[in-house]
K.L.:
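The structure follows.
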Amino acid sequence: MPDPHPGPPSGGSGPDAARGRGEGPPAREGARWGHQHRDTHRDISGGWLRPAVFGVMDGLVSNVALLSGFAGGDSSRSTAVLAGLAGLAAGAFSMATGEYTSVMSQNEAMAAEIEVERRALSDFPADERAELAATYARKGVDPTLAEAVARQLHVDPEVALAIHSQEELGVTPGRLPSALVAAGASFAAFAVGALIPVLPYLLGADTFLASAVLAAVALVAVGAAVSRFTGRPPLLSGARQLALGALAAGATYLVGVLVGGVS
């Protein structure tokens, strides 16, 4: 009597046979067998990553260099604390306003270009559709299929605007980075980075050595953390940040020595 519930055949060349050989189901059969591929990406959108990374590194380097200059000039602990906290406040506000102005200006420029594209789609729909089809054809799509895709995308004006903006400007309407997020990330990151070199002085240290050691450790740690987003080796990224910070601190220390010697 035949089995009323036959399993996958043991031979043949279909997906069941491939599965039996340990090759796994083909990609198009993934959903059928309960296997679905999902890409996972780091969150690098929203306009926060660049100002946060730049802010914390700038806060670390600028304040350790500032304190290095005062150490070169043989300044007192109280002077170093005042300089460090003043550098923190001034730098954080400067970074935040700079980021806000920069991102807002870029968004306004992009919004103006998107409006140019919107008017072009309204006034010259056939030309814009042909332009989109030509873009897809240059990417290797069959010209007939490219024309059909462009025609379909142009059915909805907002979809057409989004596609044209992405293809021609590299942006998507409604998904521009937030100037407030960029400013807040820059302010907070700079303040955290700038506070690190000052902490030893706030805790009672009276020499620059403790500040330099703590800042060096933080530079390596931040550089290694950033490598999670960049894909670079953590040690290489940390060493690079340490070298740049040491160069800035060394140069400023020399200025402090020269100025202190003159005065």
K.L.:
Report yes or no: does Asn63 contribute a side-chain atom to a donor-acceptor pair with the main-chain N or O of Gly193 at less than 3.5 Å?
P.N.:
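No; judged by distance alone, with no hydrogens or angles, the pair does not exist.
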K.L.:
Leu66, Val64: one ILVMFWY side-chain cluster at the under-4.5 Å cut-off?
P.N.:
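Different clusters.
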K.L.:
Under 3.5 Å, side chain of Ser211 to main-chain N/O of Pro197, donor-acceptor pair present?
P.N.:
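Such a contact is found between Ser211 side chain and Pro197 backbone.
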K.L.:
The test is side chain to side chain contact (heavy atoms under 4.5 Å, CB included); show your working for Leu60 and Phe190 and say whether it passes.
P.N.:
CA-CA 8 Å; Leu60 263 169; Phe190 186 97; over 6 Å; no
K.L.:
Do you know which two heavy atoms are closest between Tyr253 and Ala71, and how far apart they sit?
P.N.:
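Heavy-atom minimum between the residues: CE1-C, 3.9 Å.
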K.L.:
From Gln166 CD over to Thr172 OG1, what is the distance, rounded to the nearest 0.5 angstrom?
P.N.:
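Going from CD on Gln166 over to OG1 on Thr172, the span is 4.0 Å.
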K.L.:
Between Leu199 and Leu214, is a side chain to side chain contact (heavy atoms under 4.5 Å, CB included) present by the stated rule, with each step listed?
P.N.:
CA-CA 9 Å; Leu199 275 177; Leu214 184 59; 4.2 Å; yes
K.L.:
Under 3.5 Å, is there a donor on one side chain and an acceptor on the other for Glu167 and Thr135?
P.N.:
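Short answer, no.
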K.L.:
To the nearest 0.5 Å, tell me how far Leu219 CG sits from Leu244 CG.
P.N.:
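The CG atom of Leu219 sits 9.0 Å away from the CG atom of Leu244.
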K.L.:
CD/Gln241 to CG/Leu236 distance, rounded to the nearest 0.5 angstrom?
P.N.:
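Atom-to-atom, Gln241:CD and Leu236:CG are 10.0 Å apart.
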K.L.:
For a side chain to side chain contact (heavy atoms under 4.5 Å, CB included) check, start with the C-alpha distance between Ser68 and Phe208, then their side-chain angles and the critical distance, and finish with the verdict.
P.N.:
CA-CA 7 Å; Ser68 174; Phe208 176 66; 3.6 Å; yes
K.L.:
If hydrophobic clusters are built from ILVMFWY residues whose side chains come within less than 4.5 Å, do Met57 and Leu88 share one?
P.N.:
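Both belong to a single hydrophobic cluster.
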K.L.:
Would you find a donor on one side and an acceptor on the other, under 3.5 Å apart, between the side chain of Ser105 and the backbone of Thr101?
P.N.:
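Pair found, side chain donor or acceptor close to backbone of Thr101.
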K.L.:
Indicate the atoms forming the closest heavy-atom contact of Ala210 with Ala205, along with that distance.
P.N.:
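That closest heavy-atom pairing would be CB-CB, 4.3 Å.
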K.L.:
Using a 3.5 Å cut-off and no angle test, enumerate the donor-acceptor pairs between side-chain atoms of residues 118-134 and protein atoms at least two apart in sequence or in another chain.
P.N.:
residue, atom, partner, partner atom, Å
Arg118, NE, Glu115, OE2, 3.3
Arg118, NH1, Glu158, OE2, 3.0
Glu128, OE1, His164, ND1, 3.4

K.L.:
Kindly indicate whether the side chain of Ser178, heavy atoms from C-beta on, has any atom under 4.5 Å from the side chain of Val103.
P.N.:
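They are not in side-chain contact.
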K.L.:
Answer yes if Leu67 and Val81 sit in the same cluster of Ile, Leu, Val, Met, Phe, Trp and Tyr residues linked by side chain heavy atoms under 4.5 Å apart, and no otherwise.
P.N.:
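Per the 4.5 Å side-chain linkage, Leu67 and Val81 are co-clustered.
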K.L.:
Can you get from Phe54 to Phe187 by hopping between Ile, Leu, Val, Met, Phe, Trp and Tyr side chains that sit under 4.5 Å apart?
P.N.:
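No: no chain of side-chain contacts under 4.5 Å links Phe54 to Phe187.
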K.L.:
Do Leu145 and Val159 land in one hydrophobic cluster if side-chain heavy atoms of ILVMFWY residues count as linked below 4.5 Å?
P.N.:
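Yes; tracing contacts between hydrophobic side chains, which count when under 4.5 Å, links both residues.
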K.L.:
For the residue pair Leu161 and Pro173, what are the closest heavy atoms and their distance?
P.N.:
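So the minimum-distance heavy-atom pair works out to CG-CG, 4.2 Å.
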K.L.:
With a cut-off of 6.0 Å (strictly less than), are more than 12 heavy atoms of other residues, nucleotides or ligands near CG of Asp74?
P.N.:
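Atom CG in Asp74 is not crowded, with 12 or fewer foreign heavy atoms closer than 6.0 Å.
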K.L.:
Just verifying a value: how many Å separate Ser186 OG and Phe93 CZ, rounded to the nearest 0.5 Å?
P.N.:
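Rounded to the nearest 0.5 Å, the OG-CZ separation comes out at 12.0 Å.
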K.L.:
Write down the atom of Arg77, the atom of Leu202, and the distance for their closest heavy-atom approach.
P.N.:
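Answer, listing the atom of Arg77 first, then Leu202: NH2-O, 4.0 Å.
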K.L.:
I need the Leu176 CG to Ser165 OG distance, nearest 0.5 Å.
P.N.:
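That separation rounds to 9.5 Å.
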K.L.:
Judged by atom type as modelled, is there a donor-acceptor pair below 3.5 Å linking the side chain of Ser62 to the main-chain atoms of Asp58?
P.N.:
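Yes, because the side chain of Ser62 sits within donor-acceptor range (under 3.5 Å) of the backbone of Asp58.
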K.L.:
Are the side chain of Thr252 and the backbone of Gly69 linked by a donor-acceptor contact shorter than 3.5 Å?
P.N.:
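No.
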K.L.:
Begin from the C-alpha positions of Val141 and Val149 and carry the test side chain to side chain contact (heavy atoms under 4.5 Å, CB included) through to its verdict.
P.N.:
CA-CA 10 Å; Val141 179; Val149 171; 5.6 Å; no
K.L.:
Which heavy-atom pair separates Tyr136 from Ile163 by the least distance, and what is that distance?
P.N.:
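That closest heavy-atom pairing would be OH-CG2, 3.3 Å.
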K.L.:
May I have all residue pairs that pass side-chain hydrogen bond (donor to acceptor under 3.5 Å, both in side chains) and include part of residues 78-94, sequence neighbours excluded?
P.N.:
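Applying side-chain hydrogen bond (donor to acceptor under 3.5 Å, both in side chains) to every pair that reaches into residues 78-94, excluding sequence neighbours, yields Ser76-Ser78, Ser76-Thr79.
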K.L.:
So which atom in Ala137 and which in Ala146 form the shortest heavy-atom distance, rounded to 0.1 Å?
P.N.:
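Closest approach of Ala137 to Ala146: N-CB, 4.0 Å.
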